[in-house]
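Shown next, in structure tokens, is the structure this report addresses.
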Amino acid sequence: LELGRHTFTSGGMRFSIDVQAAGWLSNGQFGIEYGPAVAPDSASFIFWPDAAAVGVFSDPCSSTQGPAIGASAAELAAAVAALPGTDLVEAPTDVTVGGYPAKLVAITVRDDIAYSPMQFYMWWGPGSGNARYASALGSTVNTWIVDVNGKIAWIDGETYQGAGPEPRQALQQIVDSIQFE
């Protein structure tokens, strides 16, 4: 992505981000990445493309979906915070994203699970195949659940095992630049 403001549509919502550092790439649909895939100095974002997640997996390793959760950011953040197979890094915290109230929660996918990260499913959304799996064991996933006038926008950013503070700062810089249109 070139430096400057870029507009996306995700979950039926238009929003823009301001890319202030060189090296961010877009997959052209719902995600952006910085640096080599799953390396300690890289980061990635997923802007949920169809609709926000509505539940977590009760057994992430067997792809067993738990029940749908209420539509509030607080309920969804609490479910992410309690996801089996993860360690809580940051309990659900009130934040603001693009001028709207949001919850931020951060978890680390344990590196001792017996499955490939692509078989470790975390949360799911409506529709067939709308689910998020871990990119790497030991990765930290920061999830921002934003209430945009009663509609949930779901953004998650991932950093990888061994990362210093720079990748998380890069994620936060993008989140801080979000403007909903």
Side-chain angles (χ1 to χ4, degrees), residues 1 4-21 24-34 42-57 60 65-83 86 88-109 121-135 139-159 167-181:
L1 292 172
R5 190 150 288 277
H6 298 271
T7 301
F8 296 84
T9 300
S10 179
M13 285 184 252
R14 279 181 58 86
F15 66 95
S16 62
I17 61 170
D18 187 20
V19 176
Q20 299 173 20
W24 285 97
L25 302 170
S26 172
N27 71 4
Q29 297 177 20
F30 57 84
I32 62 174
E33 297 178 355
Y34 182 81
S42 64
S44 62
F45 268 109
I46 293 179
F47 305 105
W48 273 60
D50 299 323
V54 296
V56 298
F57 286 84
Q65 289 182 350
I69 298 167
S72 81
E75 292 170 307
L76 291 164
V80 170
L83 185 69
T86 66
L88 186 62
V89 174
E90 185 171 341
T93 304
D94 291 326
V95 296
T96 301
V97 176
Y100 292 93
K103 289 286 188 181
L104 166 63
V105 61
I107 57 173
T108 295
V109 178
Y121 285 88
M122 298 180 288
W123 36 86
W124 57 276
S128 177
N130 196 354
R132 170 72 154 99
Y133 56 80
S135 297
S139 67
T140 298
V141 181
N142 299 279
T143 304
W144 292 267
I145 305 167
V146 189
D147 185 334
V148 181
N149 297 324
K151 185 170 181 177
I152 296 295
W154 187 288
I155 304 161
D156 58 66
E158 194 167 16
T159 57
R168 178 131 194 240
Q169 290 169 348
L171 294 177
Q172 190 62 54
Q173 186 178 48
I174 295 288
V175 170
D176 290 344
S177 79
I178 291 175
Q179 294 177 353
F180 292 95
E181 302 171 5

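We number each residue from 1, following the sequence as shown.
Between the Glu158 side chain and the Phe45 main chain, no donor and acceptor come within less than 3.5 Å of each other. Formation of a donor-acceptor pair under 3.5 Å by the Trp124 side chain with backbone atoms of Val56 is found in this model. The backbone N or O of Asp18 lies less than 3.5 Å from a partner atom in the side chain of Ser177, making a donor-acceptor pair. With hydrogens and angles disregarded, a donor-acceptor distance shorter than 3.5 Å links the side chain of Thr93 to the backbone of Ala91.
A heavy-atom distance below 4.5 Å is found between the side chains of Gln172 and Trp144. Using a 4.5 Å heavy-atom cutoff, the side chains of Glu33 and Asn27 are not in contact. In this structure the side chain of Val80 reaches within 4.5 angstrom of the side chain of Trp154, judged on heavy atoms. Residues Phe15 and Val148 form no side-chain contact, since every pair of their non-hydrogen atoms from C-beta on lies 4.5 Å or further apart. Between Val141 and Trp123, some side-chain heavy-atom pair lies under the 4.5 Å cut-off. Val146 has its side chain within reach of Phe180: a pair of non-hydrogen atoms, C-beta onward, lies under 4.5 Å apart. Put simply, the side chain of Ile107 does not reach to within 4.5 Å of the side chain of Thr140, judged on heavy atoms.
For the atom pair CG (Leu83) and CG (Leu88), the distance works out to 10.5 Å, reported to the nearest 0.5 Å. Taking CD of Glu75 as the reference point, atom CD1 of Ile145 lies at 10.5 Å (rounded to 0.5 Å). Distance check: Asp176 CG to Ile17 CD1 gives 12.5 Å after rounding to the nearest 0.5 Å. Here the CG atom belonging to Asp147 is positioned 4.5 Å from the CD1 atom belonging to Ile152, to the nearest 0.5 angstrom. Taking CG from Leu1 and CD1 from Ile32, the interatomic distance works out to 6.0 Å, rounded to the nearest 0.5 Å. Here CZ of Phe8 is found 11.0 Å from CZ of Arg14. Values are rounded to the nearest 0.5 Å.
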Which pairs of donor and acceptor atoms, one on a side chain in residues 94-105, lie under 3.5 Å apart (sequence neighbours left out)?
| from | atom 1 | to | atom 2 | distance (Å) |
| --- | --- | --- | --- | --- |
| Asp94 | OD1 | Lys103 | NZ | 2.5 |

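In summary, the side chains of Ser16 and Arg5 do present a donor paired with an acceptor at a separation below 3.5 Å, with no hydrogens or angles considered.
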